[in-house]
Amino acid sequence: MKINGTPFRTIWPTTDNMAVEIIDQTKLPHVFTTLRLNTMRDAERAIRDMEVRGAPLIGVTAAYGVALAMRGNASDAALAEACSVLLAARPTAVNLRWGVEQMRSVLAPLAAGERAAAAWQEAARIADEDVAINAAIGKHGSAIIRAIHQKKDGTVNILTHCNAGWLATVDWGTALAPVYTAFDAGIPLHVWVDETRPRNQGASLTAWELGQHGVPHTVIVDNAGGHLMQHGMVDMAIVGCDRVTARGDACNKIGTYLKALAAHDNGVPLYVALPTPTIDWTLQDGVKEIPIEERAEEEVTHISGLCDDGQVRTVQVTPKSSRAANYGFDVTPARLVTGLITERGVVAANAEAMRVLMT
Ligand code: MRU
């Protein structure tokens with residue numbers, strides 16, 4: 001996608017092929033800056049500290065992390081260490097495991113001397129594949145938006161939570177790919193953007209990237225969605241996800257479940273957009289089985305923003321003595337999901353339909 005008219009991906013190899021560069025997402029929307037990752041430890045830190053985030057982008061960054069590790073030392077031990085360090089960076093998004101295991105499966109059978117070049121190539125292939133997958137999600141999802149437009153003959157109002165746009169992937173995004181595709185095709189639409197506390201990925205990232213593309217949008221507080229749905233102001237919701245179980249339970253940013261309950265109560269369709277590597281075929285019951293990341297209290301007790309003097313500052317919003325809990329994700333049971341938008345097509349969130357999709 002474009003930033004001020006210049007095409008960007010969220011991650012790319014440096015011209016000397018010695019490192020990778022990323023957009024530092026902790027600085028958006030007020031500062032656009034890039035960071036150079038020189039080592040596997042840099043990649044691990046970028047994932048853990050959320051300089052890169054979003055399930056597909058985490059997976060690709062981890063793949064490049066393995067490639068960076070292979071530059072210095074491509075022994076079996078170094079490969080095993082890189083995989084285990086990167087796997088521990090964030091627990092919920094299964095794409096991280098997918099990216100790392102994909103790299104391991106390609107590299108492990110090779111001689112040490114062949115691994116560095118092969119690793120670089122495979123990471124680049126995974127990145128390109130992510131872009132192609134998301135473009136296909138855009139195509140399938142935009143057909144749903146078009147159908148709603150044809151039925152209602154007016155602006156389609158779409159609610160989204162967190163950031164599942166191009167910043168969460170290598171390009172295009174998952175939940176926002178259908179939005180961009182429909183918008184580029186001339187379908188009138190407007191996006192309600194949940195701010196998505198505590199880290200405000202909606203207010204900071206989704207609003208920024210929609211604005212860069214010229215998509216009409218309005219930021220709302222996380223608790224507003226139910227009210228808007230009750231008043232007929234939401235035609236559909238599209239969210240991304242970090243892990244979907246084999247029976248269609250979908251884990252996404254904390255608060256998604258509450259939106260799904262409100263959508264269900266108001267007859268608003270809620271779609272989950274995902275690349276099929278986000279499906280964890282080893283799990284069934286998402287509530288019981290998906291590990292939910294718990295992050296630092298400071299993300300809840302403090303908030304950052306642009307001050308009138310042009311400086312970005314962090315302030316505390318809670319009493320100094322209050323403790324905070326910071327669960328990063330929740331699980332929306334399959335029964336609340338209208339459909340899964342994947343690169344292979346749109347499918348019901350149930351075991352049989354999902355199995356058929358993959359055959
Ligand atoms: O904690 P984050 O910002 O990595 O969480 C991101 C999300 O929850 C996204 O909705 C999800 O990863 C899908 S991204 C295409």
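Note: hydrogens, waters and symmetry copies are ignored here, and every other heavy atom, side chains too, is used. Counting starts at 1 for both ligands and their atoms, following the listed order.
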At under 4.0 Å between heavy atoms, what of H161 touches ligand 1? The answer is neither
Return yes or no for this condition: an N or O of G54 is under 3.5 Å from an N or O of ligand 1.
-> yes
Among non-hydrogen protein atoms, atom 7 (C) of ligand 1 lies closest to D242 OD1, 3.5 Å
Taking only non-hydrogen atoms of A168 and a 4.0 Å limit, the atoms of ligand 1 in range are 14 (S), 15 (C)
query: Under 3.5 Å, N or O to N or O, is G240 touching ligand 1 that way?
result: no
For T174, the ligand 1 atoms with a heavy-atom partner under 4.0 Å come out as 15 (C)
When rounded to the nearest 0.5 Å, the distance separating CH2 of W172 from CE of M1 is 5.5 Å
Closest to atom 9 (C) of ligand 1 among protein heavy atoms sits N252 OD1, 3.4 Å
Quick look: E293 vs ligand 1, heavy-atom contacts under 4.0 Å, and the answer is neither
Checking heavy atoms under 4.0 Å, the part of C162 that sits near ligand 1 is side chain
Quick one about T196 and D194 (side-chain donor to acceptor, distance below 3.5 Å, no hydrogens or angles considered), yes or no?
no
Next item on the list: Check the side chains of Q201 and R53 for a donor-acceptor pair under 3.5 angstrom, ignoring hydrogens and angles.
Entry: no
Are P56 and V170 side-chain neighbours, meaning at least one heavy-atom pair lies under 4.5 Å? no
Contact region, N163 to ligand 1, non-hydrogen atoms below 4.0 Å, reads backbone
At under 4.0 Å between heavy atoms, what of Q201 touches ligand 1? The answer is side chain
Residues passing the side-chain contact (heavy atoms from CB on, under 4.5 Å) test with E293, sequence neighbours excluded, are R90, P91, T92, R295, F329
Checklist line | Check ion pair D16-R36 (N to O, under 4.0 angstrom) | finding: yes
If we number the atoms of ligand 1 from 1 as shown, the ones under 4.0 Å from a heavy atom of P56 are 14 (S), 15 (C)
Atoms of ligand 1 under 4.0 Å from any heavy atom of M50, numbered from 1 in the order shown, are 1 (O), 2 (P), 3 (O)
- Return the orientation label for the Y180 and H213 ring planes: parallel under 30°, perpendicular over 60°, tilted otherwise. perpendicular
Here the atoms of ligand 1 under 4.0 Å from any heavy atom belonging to K253 are 1 (O), 2 (P), 5 (O), 8 (O)
Note: ligand 1 atoms sitting under 4.0 Å from heavy atoms of A55 are 12 (O), 14 (S)
Checking heavy atoms under 4.0 Å, the part of C241 that sits near ligand 1 is backbone
> Going by distance alone, is a donor N or O of one side chain under 3.5 Å from an acceptor N or O of the other, for E209 and N163?
Replying inline: yes
- Can a cation-pi geometry be assigned to R71 and W120, taking NZ or CZ under 6.0 Å from the six-membered ring centre and within 45° of the ring axis? yes
For the residue pair W12 and F8, does the interplanar ring angle fall in the parallel (under 30°), tilted (30 to 60°) or perpendicular (over 60°) class?
perpendicular
Has ligand 1 got any nitrogen or oxygen that is less than 3.5 angstrom from a nitrogen or oxygen of R90?
yes
- prompt: Going by distance alone, is a donor N or O of one side chain under 3.5 Å from an acceptor N or O of the other, for T6 and N4?
  reply: no
